[in-house]
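Data first, discussion second: the structure below is written as structure tokens.
Chain letters run A, B, ... following the sequence lines, proteins first and then strands; every chain starts at 1.
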Amino acid sequence: LSKGQAVAEPQENEKRLVELAQAGDRPAFTQLVQQCSGQIFNLAFRLCGNRADADDLSQEAFLHAYRNLCAFRHESAFSSWVYRITMNIWKNTVRYEKRRHFSQHDSFDGPASAGGRGLTRILPDCGPDPSEQLERAADRRAAEQALDVLDAQERAVIVLSDIEQKSYAEIAALLRCPVGTVRSRLSRARERLRQAFEKISGEGA
Amino acid sequence: MMKCKECREQLSAYLDKELQERQRLAFELHVQTCQDCAALVDSTRRAVHALADMPAVEPPPDFIARLNQRLDREDERRSTRKSWFPLPWSYLLRGAATVAVVCIAVVLVSKFREIPVPAGQSVRQATAPAQADKSQAAGPAPAPAARSGGAHVAKLAAPRASQAGVVKAESKEIVPEGQAAQPAYRATETEEKMTGAAKDMAALSDAAGPGDTAPPLQKKRKAPALPRREWKGYSSNVRDFATLVIKDAPAWAELWSRHDPSAPVPEIDFSRNMIAAVFQGTQPPRPCCIKITGSIREGSRLIVFYSDNDTVVQPDEEPTGSFHMKAMEKSDGSVVFKKISH
């Protein structure tokens, strides 16, 4: 098989599954769900911050996709379509229900700690050193907690940029806002994330 | 030389490699000489890397099973809805409305056909109310011909859209008290079935007394000209937005002269009617269509609803201020205007 054929085959397979599901074939839809449930659940988990809400959000997204399957026109991958649905449901939830995670913020007015780390310090990718692994685990916990401090908009832009690794243009499309807004929102969000991260790391140390 | 403030502003873009080469060099030069900013960069990068380093979470093991249960319920709901009524609700409502209209039309037509024409009744007498409408504010005094009992045949000549209105006028003014309980026709039954709009029309037609002349026989089914009950358009001389209630003739004349001095003031019987009017004005100058959409009565209070949308119905006419004036049954209580937003 050539490289082009190898790429095209999964797309054709997905297209066939979607067409079957649109015709009422439930196993085909289940197969589509299985292919992207991990991605959607991860996005939901990062957006919601806990498994219960993530479960509700991702289930709701797939249910919405099932109800509106006839509207899917193969203009993007099925997973991208459900991804957008998930984002939209979450945005509506945030808009109307005032999520408890973002209703109260701590103040981070303390001075930024110098920390003594140099510019060129980069975390090792997968160092075998146990102490480094411990440090990385601590950083992940602190970052996860710091994420909970952000408000909904800030959290969304951080999740999409720094966890989901989306480009500015993709984030702008998902959040339906200009790229400039994404840039400025991300800058503010990272500053708040840094403040929270430093505070939590300092407490943990 | 870059300052700390600029450095902080560009930090996020630097981490995403979004800075241009010159900006990046200036940024890195600043960070090498400023410990505080270097610490900021390092700390932010650590947080961002920690996020990217987060392990993926797995959905619960029963995720697909629970989703399938919900999909089963969704399928059941769909099939129940389809088996009970396979079409969308809007079709059901439209169908019901059509059936209702047809039934009402059939009942009305059959009722009018059963009405006997009194022996010796002349067509001239029978169609008197039709002529009466031409003299809109002729006063309550009915013509002698109409008094003699021409009301029943007059219904045959009533217009399709205004049968109820003409009937009401006859029942109140043409039929003498002594004949009101005649078995051939009971006007009050029809009145009870009249819709609000028909009552408005009836109230207006009340203003028109019976005339002296009647049209010839072959014209008896032709609709008589009812008094106009509403005026709307896109060009009014009333320049400011206004919602008005007019309850007497002088105020009506004044408003009309402001609205359109070149046209004669339409005659309205203000003993029974009043005018609700909305004017868009010319500020802000935008193409729109203001209109009265309906009214409801809340106790003694009458609420008049109006809408104001941005669609131009007549694009060839330059809008200078849309307006809508509507005659409605007189209300002694207060009148409140409420805007409906779309």
Side-chain angles (χ1 to χ4, degrees), chain A residues 24 26 29-30 33-34 37-42 44-46 51 54-55 58-60 62-63 66-67 112-123 136 138-144 146-147 158-159 161-163 165 167-168 183-184 186-191 193-198 201, chain B residues 4-19 24 27-75 77-79 82:
Chain A
R26 174 72 80 72
F29 184 77
T30 305
V33 172
Q34 279 169 338
S37 60
Q39 183 192 6
I40 299 301
F41 187 82
N42 264 281
F45 179 73
R46 298 307 171 199
R51 290 185 73 90
D55 192 60
S58 42
Q59 290 255 340
E60 201 59 41
F62 282 118
L63 190 62
Y66 184 71
R67 284 178 186 148
S113 63
R117 299 182 184 94
L119 173 67
T120 53
R121 179 186 178 280
I122 297 173
L123 289 169
R136 283 177 58 185
D139 277 359
R140 282 198 298 267
R141 279 195 300 275
E144 202 162 355
L147 205 56
I158 287 280
V159 165
S161 169
D162 296 337
I163 299 178
Q165 306 291 323
S167 68
Y168 285 7
R183 194 174 283 121
S184 58
L186 185 59
S187 179
R188 279 198 306 274
R190 278 177 174 162
E191 174 59 16
L193 179 79
R194 181 193 62 77
Q195 290 174 1
F197 180 77
E198 280 183 357
S201 299
Chain B
C4 291
K5 185 170 178 282
E6 290 174 78
C7 177
R8 289 179 183 216
E9 285 170 356
Q10 294 182 1
L11 170 55
S12 179
Y14 173 77
L15 292 178
D16 288 333
K17 298 182 172 58
E18 287 277 321
L19 291 183
R24 185 182 65 78
F27 184 92
E28 288 181 345
L29 186 65
H30 175 81
V31 168
Q32 282 170 2
T33 56
C34 176
Q35 275 200 338
D36 286 346
C37 288
L40 278 182
V41 172
D42 187 53
S43 159
T44 308
R45 178 180 276 152
R46 254 185 79 199
V48 168
H49 280 207
L51 286 175
D53 200 28
M54 280 184 183
V57 287
E58 288 296 321
D62 60 344
F63 184 83
I64 302 279
R66 281 186 293 111
L67 179 65
N68 272 327
Q69 285 173 1
R70 292 184 74 175
L71 297 181
D72 285 341
R73 287 198 291 273
E74 179 71 17
D75 284 345
R77 198 159 45 229
R78 279 185 191 173
S79 60
K82 279 186 178 173

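One distance of note links CG of A/L147 with CE of B/M54; it measures 6.0 Å at 0.5 Å rounding. A distance of 9.5 Å separates CG of A/D55 from CG of B/L67, quoted to the nearest 0.5 Å. Atom CD of B/E58 is separated from atom CG of A/N42 by 7.5 Å, given to the nearest 0.5 angstrom. A/E144 contributes atom CD, which lies 9.0 Å from atom CG of B/L51 (distance to the nearest 0.5 angstrom). Remark: A/R194 CZ to B/R45 CZ distance equals 14.0 Å, nearest 0.5 Å. In this structure, CD1 on B/I64 lies 7.0 Å from OG1 on A/T30, to the nearest 0.5 angstrom.
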- Please walk me through it: do A/R26 and B/D72 pass salt bridge (Lys or Arg N to Asp or Glu O under 4.0 Å)? CA-CA 9 Å; A/R26 174 72 80 72; B/D72 285 341; 2.9 Å; yes

- Query: salt bridge (Lys or Arg N to Asp or Glu O under 4.0 Å) between A/E60 and B/R70: does it pass, once the steps are laid out?
  - Reply: CA-CA 10 Å; A/E60 201 59 41; B/R70 292 184 74 175; 2.9 Å; yes

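Scored by the ring pair (Phe, Tyr, Trp, His ring centres under 6.0 Å) test, A/F29 finds A/Y66 as partners (sequence neighbours excluded). In this view, A/R67 and B/E74 satisfy the side-chain hydrogen bond (donor to acceptor under 3.5 Å, both in side chains) rule, not counting sequence neighbours.
Note on A/Q34, A/R51, A/R188: by heavy-atom pairs under 4.5 Å with chain B, the leading option is A/R51.
Heavy atoms of A/R46 lying under 4.5 Å from chain B belong exclusively to its side chain. Using a 4.5 Å cut-off between heavy atoms, A/I40 makes no contact with chain B at all. If you measure heavy-atom distances from B/L71 to chain A, the contacts under 4.5 Å come from both the backbone and the side chain. Neither the backbone nor the side chain of A/S184 comes within less than 4.5 Å of any heavy atom in chain B. Using a 4.5 Å cut-off between heavy atoms, B/E18 touches chain A through its side chain atoms alone.
Residue B/A52 comes nearest to A/Q165 through the heavy atom pair CB-NE2, 3.6 Å, listed as atom of the first residue, atom of the second, then distance. Minimum interatomic distance between A/Y168 and B/A13 (heavy atoms only, all atoms of both residues): OH-CA, 4.4 Å. A pairwise comparison of heavy atoms in A/E198 and B/S43 identifies OE2-OG, 2.7 Å as the closest pair. For the residue pair A/S187 and B/S12, the shortest heavy atom distance occurs at CA-CB, 3.6 Å. Shortest non-hydrogen contact noted between A/D139 and B/A50 is O-CB, 3.5 Å.
Within the 4.5 Å cutoff, the side chain of A/R190 has heavy atoms near those of the B/D16 side chain. Counting heavy atoms from C-beta on, the side chains of B/F63 and A/Q59 come closer than 4.5 Å. Inter-residue side-chain proximity for B/P59 and A/F45 is flagged as unmet; no heavy-atom pair is nearer than 4.5 Å.
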